[in-house]
Amino acid sequence: MALVRRQIPILITALVGLIIVYEYFFVVSDYVSTTVNELKIFGTIIASFALFLGVVSSFRNNLHHFQRRTKDRWYFALWTIIVTIVSTAIGLIGSPNHPAYQWIFTNVLRTLWTTMVSTTGFFIASAAFRAFRVRTIDSALLLVAGLLITIRNTPVLVSYWGGFTSIGNWVMDVAASGAIRGIILGAAIGSIAIGLRTILGYERGYLGKTGEE
Amino acid sequence: MIKLDKSKTFLEKLENLDVRILYWLLVIFIAIPFIMPLGLPVPISTSTINAFQVVDSLKEGDVIMFSASTIASYPELGPSQVAIFKHCISKHTKVIMWARETGGEQLINTIIDDSKTWIENYGAEYGVDYVNMGFVPGGETAVASLATDTQNTYKADFFGTPVEQLPIMENIEGAKDFELIIFFEAAQSFLFWLRHWTSPFGVKLLICPTGMATTDIIPYYEAGQVAAYATGINGGAGWEFLLNAPGDALIGIDALSIAHLVVIVFVFLGNIIYLWRMKG
C-alpha cells in the first residue's frame, strides 16, 4: 500500500515539479513545452474537479448536521442544502445565463457579499473609537501612521492641502514599502524551501493521511 | 434597548459608549451624501493619471486581458471595472474578459450591461471586440496555462460558444499576443500575472487593487514590474472624471470622504477621552 499511497504520488509530484521548473527557467524543446502546457491544462481540470468535490463535501456535511438535528446549526444546514439544490438545478437546467440564475446572483449573492464586506466599516469605526489609543510609543506610532494613511485616502482633506498626499505617500512608499519588501523576500525564500522539500519528497502534507505516519 | 449607568461619570459613559450608537452615527453620516449630494472636490492621484494614460495610449486592435474582480471586492472595484471597460471600448481595443474566481463571470455580465451605451456608441460587438470567457478554475495554474495555450485553456466562452467560433480569439495563442493585462483584485494574486505573463513575455500589467492591498503592489511598481495602478473607489472616481463618464465611483466619493472623516473624529475623540481619564 505504501507504494500506491506514498511513493507513486511523491514520484509524480517530483517529476511534474522538475519538468515545470525546468521549462520555466531554460530554453526547451517543443516536446517539453507541449508536455508542460498539457500539465497546466491538467491542473485546471483537477481544480474543476476539486470544486465539484467541495460542493459534494459541503452538501454531505450539512446533510449530516440536518439529519442529526445538531443544536443551533441544523436549520442553517437545511438552508444551505436548499440553496445548493435550487441554484444547481437552475444552473444545470437553464444554464448560468438563465434569468433566474442571474436574479439569484444579483439580488442574493452579490447583495450578501456587499453586506458582509461593508460590515468591516462598522468594526473599523468601533475600533477607531475604542481600541486605537495612544497607550505606548508603539501604539502612538501605529496611530500616527494609520491616521496619515486615512487622511491621504480622504478626498476632501487631500483636495484642501496637497501636503497630506505627500506625507501619506512617504508613509506608503518608504516606510510601508520597506517592511513589505522584507516580507516579500522572506515569503519568497520560504516558498523556494517548500517547493524544494515537496519535489524532494520531504513535504508530505498534501498526501493526506497515508496511514503510515 | 440602550442603557446608560447613572453611577458612572460622563467621561466613563462616553468611553464605554454603546457600540450601536457609533454604528448608527456612521450609517447616518454615510447616508447623507447619497440623499443630498455634497459635491465635495475629487482630487485625482498621480497613480490614477498614470494608469489612465496606460490605457489611453493603447492602439486600435490591441488585445487586453481583463481579469475581473471577485464578488467580495466588487463594491469597491466595480466602478473602476465599468469605467476602464468603457475606456477600452472607446479605444477600439479587443477586450478578453475572464474570472479567476467563481462569480466573477456573472460580474463581467454586469460590467457589460452597465456599459451598454458606450458599446453601442462605439459600435463594439460581442465576440469581435469583447468577450466574456467565464471562469477558469486553477488559480496560478490557470493563469500559467492561459499564457502558453489560451485557446485550449478556455475552450468556450461563458455562453458556450466554442473558441474557434469567436472572431476575437482567432489569432490569439498566448500571452505574446496581448498588449496589456488589467487586473482587479484585493489579494496578492497579481503575482500570478507577474510570474507567468509579465516576466517571461513582457506583457504590461495594470492593477486596480482595493485600498487595503495597495501596499503589496508599491514595491513591484517601484521596481518597474507593474506598469501602473489605480486604487479602489478613489481610482474609479478619478477614472470616471478623466473619461468624462460619471458613474457610481463619483457618486460614492462623497460618502467615502464623510466615512473617513467620521473615523478620524472617532480616533481623536477616543484618544482625548482616554488621555483625559488617565490624567484624572
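Reckoned from all heavy atoms, side chains included, excluding hydrogens, waters and symmetry mates. Numbered from 1 within each chain, the chains take letters A, B, ... in sequence-line order.
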Any chance you could measure A:Thr84, atom OG1, to A:Trp79, atom CH2, to the nearest 0.5 Å?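 Atom-to-atom, A:Thr84:OG1 and A:Trp79:CH2 are 10.5 Å apart.
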Is it the side chain or the backbone of [X] that comes within 4.5 Å of chain A heavy atoms, both, or neither?
X        : result
B:Asp254 : neither
B:Ile273 : side chain
B:Tyr74  : side chain
B:Thr70  : neither
B:Val262 : neither
B:Glu222 : side chain
B:Thr102 : side chain
B:Tyr221 : neither
B:Asn234 : side chain
B:Pro75  : side chain
B:Ile218 : both
B:Leu40  : side chain

With a 4.5 Å heavy-atom cut-off, do B:Met133 and B:Met97 have their side chains touching?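 No - every pair of side-chain heavy atoms lies 4.5 Å or more apart.
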Salt bridge or not between B:Glu140 and A:Lys40? Use side-chain N to carboxylate O under 4.0 Å.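 Salt bridge: no.
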Does the separation of the ring centres of B:Phe190 and B:Tyr220 fall below 6.0 angstrom?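 Between B:Phe190 and B:Tyr220, the centre distance is under 6.0 Å.
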Are B:Tyr126 and B:Phe159 close enough that their ring centers fall under 6.0 Å?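 Here the rings of B:Phe159 and B:Tyr126 have centres that are less than 6.0 Å from each other.
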Side chain, backbone, both or neither: which part of [X] has an atom under 4.5 Å from a heavy atom of chain B?
X        : value
A:Leu143 : side chain
A:Tyr101 : side chain
A:Phe105 : side chain
A:Ile41  : both

Heavy atoms only, distances under 4.5 angstrom: which of B:Leu269, B:Asp149, B:Ile264, B:Val263 has the most pairs with chain A? Name it, please.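 So the answer, after comparing B:Leu269, B:Asp149, B:Ile264, B:Val263, is B:Ile264.
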Among B:Thr110, B:Thr141, B:Asn271, B:Ile258, which residue has the highest count of heavy-atom pairs closer than 4.5 Å to chain A?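 Looking at each option in turn, the highest pair count goes to B:Asn271.
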Going by the angle between their ring planes, with limits at 30° and 60°, are A:Phe164 and A:Trp161 parallel, tilted or perpendicular?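 Because their plane-to-plane angle is over 60°, the rings of A:Phe164 and A:Trp161 count as perpendicular.
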